[in-house]
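Numbered from 1 within each chain, the chains take letters A, B, ... in sequence-line order. Just so it is clear, the values below take in all heavy atoms, side chains as well, and ignore hydrogens, waters and symmetry mates.
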Amino acid sequence: MTADASSPFPGWDGSIAGARALQAQLAAQVSLQDAFAEPLRTVAGFDVGFEDQGETTRAAVVLLDAGTRQPLESHVARLPTSMPYVPGLLSFRELPALLQALAMLSRPPDLAMVDGQGIAHPRRLGIAAHLGVATGLPSLGVAKTLLAGRFDEPGPERGDRNPILHRGELVGYALRSKPRCNPLIVSPGHRVSLETAVALTLRFLAGYRLPEPTRLADRLASRRDAAA
DNA sequence: GCGACAG
DNA sequence: ATCTTGTCGC
């Protein structure tokens, strides 16, 4: 047969050029208007790590109560790594495992917070935006470093931020989440506005550089001793 | 043409 | 991302 209907990337021919073309197409479906449940009940944090020298992709998801910020459940999905890391095409390498982890939740989250870029991406489709469009879930990206664009160093206090501009467009904010720590790169994924992406990130901070959803998923995806 | 380049 | 201990600084 030809195309695999179960593929997370419908229509993709497997090529680099094809992946970029698909990104441009999906990016047009991204909405930057706030459209998520209010009050927010739950938020899920996502991140990916690797085992066996990269041969196995390990995706982690942690569902938290939006009110208390306490974790409700967490899962880990393992899949054989299918492609190498190519700057700008991260989602084609990590999204399949992430979707697998998402499916393990007892219920869908009201919001998805992903370790990586939202629209702060060359073609406006970082992994957080890709996950949002692919699932229809509201999403935002919280990355540790910049991929595209530029910004001026934000002030030293928690909450200080500066815009990230790429080709003249505002695509996100460099946010100081904690004093003496490098700023977080925050951008909308899907159904979340630029301003709300920052507000949500601040809302889920709990004393660490990374917000709880992403911080907990990070540990589960990358620490050798993590259970589940 | 020369760098930069999420995880 | 991952390979990997201690160490400097707040």
Side-chain angles (χ1 to χ4, degrees), chain A residues 8 16-17 19-20 22-24 26-27 30 45-62 76-101 112-134 139-151 156-158 164-167 169 171-190 197 201 207-211 213-226:
Chain A
I16 297 301
R20 295 194 175 114
L22 181 54
Q23 288 185 318
L26 295 175
V30 169
F46 295 85
D47 191 28
V48 172
F50 296 87
E51 303 177 344
D52 311 320
Q53 300 168 146
E55 293 173 24
T56 300
T57 299
R58 173 174 164 175
V61 60
V62 178
V76 170
R78 278 170 239 261
L79 283 180
T81 301
S82 58
M83 76 173 266
Y85 166 67
V86 178
L89 300 184
L90 181 69
S91 62
F92 287 81
R93 170 178 164 85
E94 306 186 348
L95 191 55
L98 244 30
L99 295 179
Q100 199 80 231
M113 189 177 282
V114 187
D115 184 309
Q117 315 295 343
I119 62 169
H121 175 280
R123 288 167 295 283
R124 308 290 181 269
L125 197 82
I127 191 165
H130 197 155
L131 182 151
V133 170
S139 67
L140 75 152
V142 178
K144 295 181 284 297
T145 61
L146 187 70
L147 168 65
R150 45 180 286 281
F151 66 85
E157 305 300 307
R158 160 197 290 214
I164 295 174
L165 300 171
H166 181 252
R167 295 182 185 173
E169 290 178 44
V171 297
Y173 285 95
L175 174 70
R176 187 79 65 192
S177 57
K178 182 177 182 176
R180 300 186 311 285
C181 284
N182 290 322
L184 255 31
I185 306 302
V186 179
S187 63
H190 184 48
T201 299
Y208 297 89
R209 178 163 80 124
L210 300 180
T214 285
R215 188 180 74 84
L216 296 176
D218 221 272
R219 301 189 46 162
L220 202 51
S222 304
R223 290 196 50 169
R224 293 166 120 286
D225 57 297

Could you check whether [X] gets within reach of a base, just the sugar-phosphate, or nothing at all, counting any heavy atom under 4.0 Å?
{"X": "A:Leu146", "result": "sugar-phosphate"}
{"X": "A:Gly88", "result": "base"}
{"X": "A:Leu89", "result": "base"}
{"X": "A:Gly49", "result": "sugar-phosphate"}

Whole angstrom value for the distance that separates [atom2] of [N] from [atom1] of [X]:
{"X": "A:Leu90", "N": "B:dA6", "atom1": "CG", "atom2": "P", "answer": "9 Å"}
{"X": "A:Lys144", "N": "C:dT2", "atom1": "NZ", "atom2": "P", "answer": "10 Å"}
{"X": "A:His121", "N": "B:dA6", "atom1": "NE2", "atom2": "C1'", "answer": "8 Å"}
{"X": "A:Ile164", "N": "B:dA4", "atom1": "CD1", "atom2": "P", "answer": "19 Å"}
{"X": "A:Asn182", "N": "B:dA6", "atom1": "CG", "atom2": "P", "answer": "14 Å"}
{"X": "A:Asp47", "N": "C:dA1", "atom1": "CG", "atom2": "P", "answer": "7 Å"}
{"X": "A:Asp52", "N": "C:dA1", "atom1": "CG", "atom2": "C1'", "answer": "14 Å"}
{"X": "A:Leu147", "N": "B:dG7", "atom1": "CG", "atom2": "C1'", "answer": "10 Å"}

Measure from the side-chain heavy atoms of A:Glu94 and tell me the nearest of B:dC5, B:dG7, C:dT2. B:dG7
Identify which nucleotide among B:dG7, B:dC5, C:dT2 has an atom closest to any side-chain atom of A:Ser222, counting heavy atoms from C-beta outward. C:dT2
Under the criterion of centre distance below 5.5 Å and interplanar angle below 30°, is A:Tyr85 classified as stacked on the base of B:dG7? yes
Could you grab the distance from atom [atom1] of [X] to atom [atom2] of [Y], nearest 0.5 Å is fine?
{"X": "A:Cys181", "Y": "A:Arg209", "atom1": "SG", "atom2": "CZ", "result": "6.5 Å"}
{"X": "A:Ile119", "Y": "A:Gln117", "atom1": "CD1", "atom2": "CD", "result": "10.5 Å"}
{"X": "A:Leu210", "Y": "A:Asp47", "atom1": "CG", "atom2": "CG", "result": "9.0 Å"}

Are A:Lys144 and A:Asp115 within salt-bridge range, i.e. N to O under 4.0 Å? yes
Salt-bridged, A:Arg176 to A:Glu157, with N to O below 4.0 Å? no
Heavy-atom pair of closest approach, residues [X] and [Y]:
{"X": "A:Ala60", "Y": "A:Ala217", "value": "CB-O, 3.5 Å"}
{"X": "A:Val48", "Y": "A:Ala221", "value": "C-CB, 3.9 Å"}
{"X": "A:Pro96", "Y": "A:Pro8", "value": "CG-CG, 4.1 Å"}
{"X": "A:Ala77", "Y": "A:Ala101", "value": "CB-N, 3.7 Å"}

Pair A:His166-A:Arg150, side-chain donor/acceptor within less than 3.5 Å: no
Does a side chain donor of either A:Asp218 or A:Thr214 reach within less than 3.5 Å of an acceptor in the other side chain? no
Is there a donor-acceptor pair under 3.5 Å between the side chain of A:Thr81 and the backbone N or O of A:Glu55? yes
If only side-chain N and O atoms of A:Ser91 are considered, is one of them under 4.0 Å from the OP1 or OP2 phosphate oxygen of B:dA6? no
Determine: side-chain N/O of A:Thr145 to OP1/OP2 of B:dG7, distance under 4.0 Å, yes or no. yes
Please list every stem that involves DNA chain C, where a stem is a run of 3 or more consecutive Watson-Crick or G-U wobble pairs with both pairing distances under 3.5 Å. none
Where does DNA chain B form stems of at least three consecutive Watson-Crick or G-U wobble pairs, each pair having both distances below 3.5 Å? none
Where protein sits on nucleotides 3-10 of chain C, one letter per nucleotide: B base, S sugar-phosphate only, - none, heavy atoms under 4.0 Å: -------S
